[in-house]
Amino acid sequence: MATRSPWPRPLSLPCCCLLLLALGGPGFFQSHAVEVNVKDLSNNTCIYAEWMMSFLIKYETNSSEYKNATLKPSTNVTHDGSTCGNNTHAPLLAIQFGAGHSWSINFTKTNETYQGNIISFTYNTNDAVFKDAKTKGPITIVVKDPMHPVQLNTVYKCHHLDSIEVANVSLFFWNVTLQAFVQNGTVSKNDSTCEADKSTVAPTTVANLTTAPITTASSPLPTTTSKPVEKPLIGNYSLKDGDKICLLATMGLQLNVSQEKPVLININPKTTNVTGSCGNTSAILRLNDSNKRFIDFTFAVKNTSANTQRFYLKEVNITLISSINGSEPLNAGNNNLSIWDTFLGSSYMCQKEQTVLVTEDLQIHTFDLRIQPFKVQDNKYSKAEECFADSDLNFLIPIAVGVALGFLIILVFISYVIGRRKSRTGYQSV
Ligand SMILES: *[C@@H]1O[C@H](CO)[C@@H](O)[C@H](O)[C@H]1NC(C)=O
Ligand SMILES: *[C@@H]1O[C@H](CO)[C@@H](O)[C@H](O)[C@H]1NC(C)=O
Ligand SMILES: *[C@@H]1O[C@H](CO)[C@@H](O)[C@H](O)[C@H]1NC(C)=O
Ligand SMILES: *[C@@H]1O[C@H](CO)[C@@H](O)[C@H](O)[C@H]1NC(C)=O
Ligand SMILES: *[C@@H]1O[C@H](CO)[C@@H](O)[C@H](O)[C@H]1NC(C)=O
Ligand SMILES: *[C@@H]1O[C@H](CO)[C@@H](O)[C@H](O)[C@H]1NC(C)=O
Ligand SMILES: *[C@@H]1O[C@H](CO)[C@@H](O)[C@H](O)[C@H]1NC(C)=O
Ligand SMILES: *[C@@H]1O[C@H](CO)[C@@H](O)[C@H](O)[C@H]1NC(C)=O
Ligand SMILES: *[C@@H]1O[C@H](CO)[C@@H](O)[C@H](O)[C@H]1NC(C)=O
Ligand SMILES: *[C@@H]1O[C@H](CO)[C@@H](O)[C@H](O)[C@H]1NC(C)=O
Ligand SMILES: *[C@@H]1O[C@H](CO)[C@@H](O)[C@H](O)[C@H]1NC(C)=O
C-alpha cells in the first residue's frame with residue numbers, strides 16, 4: 001500500500017468491480033476477461049475497461065537455453081494504484097496478478113480524442129512458471145501504446161487480436177472494451193470500432209486470407225460447407241551467409257491447429273519472410289508469415305556409429321500470434337524430433353505429403369519438400385536422399401518387375417530342362 005502512495009488523495013480507487021468472467025474455452029489457453037471500473041471519490045466512473053490479455057515471455061534457463069512462458073491475468077487480479085488522475089497526473093489503469101506480476105497503462109487526451117500512452121509490464125521470474133529461470137526477480141518493460149486516438153466520449157471496441165512485442169515479451173490483447181475520460185460518470189453509448197474489426201467483416205479481405213474456411217464453435221451454421229482445403233503453394237526459401245546461399249528449402253506448408261476444432265491453415269510463401277541462421281552443426285530456418293505466424297525449424301548434425309555425419313530435423317517451434325479468429329495466441333514446440341534424417345552434404349526430398357507432429361493439437365503437413373540446411377554448394381541443392389514414401393514407388397516397382405522377370409526366366413529354364421528330359425526319354429523309348 002505504502003508504495004502506491006504517489007496516487008494518494010484526490011480521486012482514487014474505491015472501485016470494487018473487478019469482474020472475472022471465466023470463459024468456456026477449454027485447455028491450456030483458457031482465459032479470463034478482466035474488467036476494471038476506476039471511480040473517483042464521488043464514485044463516478046472515469047475509466048471503464050474490459051479486455052482479454054496474455055503475455056508470452058522468453059526467458060533464459062539455468063542451462064542457458066531459452067524457453068517461453070505464458071502469463072495471463074486470471075483469478076486474484078487486483079487494481080491497486082488505478083486512478084482517475086487530475087490536471088497534472090494522467091489517469092492510470094493498473095492491475096496486479098499472479099505471483100508478483102503487474103501491468104498498467106496511462107491515458108492522454110486532446111480536445112477531441114483520447115489514447116493510451118505508456119504501457120508498463122512487470123513480470124516476476126520468481127513465479128513457478130519460470131522455475132528454471134537463470135535470474136530471479138522482477139523485470140519491467142515499458143512501451144508506448146500503439147493504439148490510435150479514439151474520439152472522446154466513445155467506447156473503444158476491438159475484438160481483433162493485437163500484439164505488442166518488446167524485449168523478450170509479447171503482449172496480446174483482444175476483445176477490448178475501453179473508455180478513458182468517461183464524462184459525468186456514465187460510460188458512453190457510442191462505440192468506436194477499431195479498423196481491424198471493420199475489415200474482418202469485409203468480404204474482400206476474407207477472400208485474401210490464406211487460411212482455410214473457419215467454422216467457429218459459436219457459428220450457428222452446420223459444417224456442411226467444410227470444403228476440402230487446397231494444397232498449399234510451394235515456396236522456395238533460402239538463407240545466405242555473405243553472398244552465398246547456406247540453406248535451401250522448398251516446401252508447401254499447412255498447419256493443422258486444433259484449438260476448439262481442427263483448422264487447416266495454408267502458409268502463403270508469397271507473403272512469408274525468411275530469417276534464421278546457418279552453422280556447421282546447427283541451422284535454423286524461421287518463416288514469418290504476414291499473418292503473424294512464426295515457424296522455426298532447427299536442424300542438427302549427428303555422428304553415426306559408421307563414422308559418417310547426418311543431419312536431421314531436431315526441433316520445430318511454432319508461434320501463432322493471430323492464429324484463428326478470436327482464439328488465443330499459441331506457442332508450441334517439439335524439440336525431440338529426429339526426422340528428415342539425411343547424409344550431411346545431401347539434400348532431403350519428400351514429394352509426398354508428410355506430417356510433423358509438433359504437439360497433440362498442432363501438426364505441420366509438408367508438400368513437395370526438399371531441404372538442405374548444411375553444406376550447400378554453388379547455391380544449389382546437392383543430390384537428394386528421398387523419403388521412404390517417395391522411394392517406395394521408385395524402387396518397389398523395379399523390384400517387382402525384376403522379380404517377375406526372374407520368375408519368367410526360371411520358368412523358361414525349367415520348361416526347357418523338362419522339355420529336354422522328355423525328348424531324351426522319348427528318344428530312348430523309341
Ligand atoms: C494529482 O494527482 C497526483 C497523484 O495522484 C498528486 O500527487 C497531485 O498532488 C495531484 N494534484 C492536484 C493538483 O490535485
Ligand atoms: C462510494 O461507494 C462505496 C461503495 O459502493 C461507498 O462505501 C462509499 O460511501 C461511496 N462514496 C460516495 C462518496 O458516495
Ligand atoms: C532477452 O533475450 C536476450 C536474447 O534474445 C537475452 O540476452 C536477454 O538476457 C533476455 N533478457 C531477459 C531479461 O531475459
Ligand atoms: C521456441 O523458441 C523460443 C526461442 O525462439 C524458445 O524460447 C522456446 O523455448 C521454444 N519453445 C519450445 C516449446 O521449444
Ligand atoms: C535448474 O533449475 C531447476 C529448477 O529449479 C533445477 O531442478 C535444476 O537442477 C537446475 N539446473 C541447473 C543446471 O542448475
Ligand atoms: C455532462 O454533464 C454536463 C453538465 O451537466 C453536460 O453539459 C454534458 O453534456 C454531460 N456530458 C455527457 C457526455 O453526458
Ligand atoms: C523454386 O525453385 C525451383 C528451382 O530453382 C523452380 O523450378 C521453381 O519454379 C521455384 N518455385 C517457385 C514457387 O518459385
Ligand atoms: C488435424 O488434427 C486433428 C487432431 O489431431 C486430426 O483429428 C485431424 O485428422 C487432422 N486433420 C488433417 C487433415 O490431418
Ligand atoms: C562428431 O565427430 C566430429 C569429429 O569426427 C567431432 O568433432 C564432433 O564433436 C562430433 N559431434 C558430435 C555431436 O558428437
Ligand atoms: C471473427 O470474430 C468476430 C467477432 O468475434 C466475428 O464477428 C466474425 O464473424 C468472426 N469471423 C470468422 C471468420 O469466424
Ligand atoms: C470475445 O467477446 C465475445 C463477447 O463480447 C465473446 O463471445 C467471445 O467468446 C470473446 N472471445 C474470446 C476469444 O474470448
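Computed from heavy atoms alone, side chains included, the values below leave out hydrogens, waters and symmetry copies. What you see is a predicted model; the values in this text were computed from it and never measured. When a residue number appears, it is its place in the shown sequence, counting from 1. Note that ligands are numbered from 1 as they come in the structure, with each ligand's atoms numbered from 1 the same way.
In the displayed structure, K136 atom NZ is contacted under 6.0 Å by more than 12 heavy atoms of other residues, nucleotides or ligands. At most 12 non-hydrogen atoms from other residues, nucleotides or ligands lie less than 6.0 angstrom from NZ of K131.
H101 and F97 have tilted rings, their planes meeting at an angle from 30° to 60° on a 0 to 90° scale.
A salt bridge links K231 with D368: the distance from a Lys NZ or Arg NE/NH1/NH2 to an Asp or Glu carboxylate oxygen falls below 4.0 Å. Using a cut-off of 4.0 Å between Lys/Arg side-chain N and Asp/Glu carboxylate O, R310 and E385 are scored as salt-bridged.
A distance of 11.5 Å separates CD1 in I105 from OG in S82, rounded to the nearest 0.5 Å.
Near K131, meaning under 4.0 Å from any of its heavy atoms, are these atoms of ligand 5: 4 (C), 5 (O). Taking every heavy atom of I234 and a limit of under 4.0 angstrom, the matching atoms of ligand 7 come to 13 (C).
The shortest N or O to N or O distance between D132 and ligand 5 is not below 3.5 Å.
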Would you list the atom pairs, donor with acceptor, under 3.5 Å between side chains in residues 246-257 and any protein atom, with sequence neighbours excluded?
unit_1, atom_1, unit_2, atom_2, d
T250, OG1, N236, OD1, 2.9
T250, OG1, Y381, OH, 2.7
Q254, NE2, N266, OD1, 2.8
N256, ND2, Q363, OE1, 3.4

When you check ligand 8 against the protein, what N or O pairs turn up below 3.5 Å? List the atom names and distances, or just say none.
unit_1, atom_1, unit_2, atom_2, d
ligand 8, 2 (O), N256, OD1, 3.2
ligand 8, 2 (O), N256, ND2, 2.4
ligand 8, 5 (O), Q363, NE2, 3.1
ligand 8, 11 (N), N256, ND2, 2.7
ligand 8, 14 (O), N256, ND2, 3.3
ligand 8, 14 (O), H365, NE2, 3.2

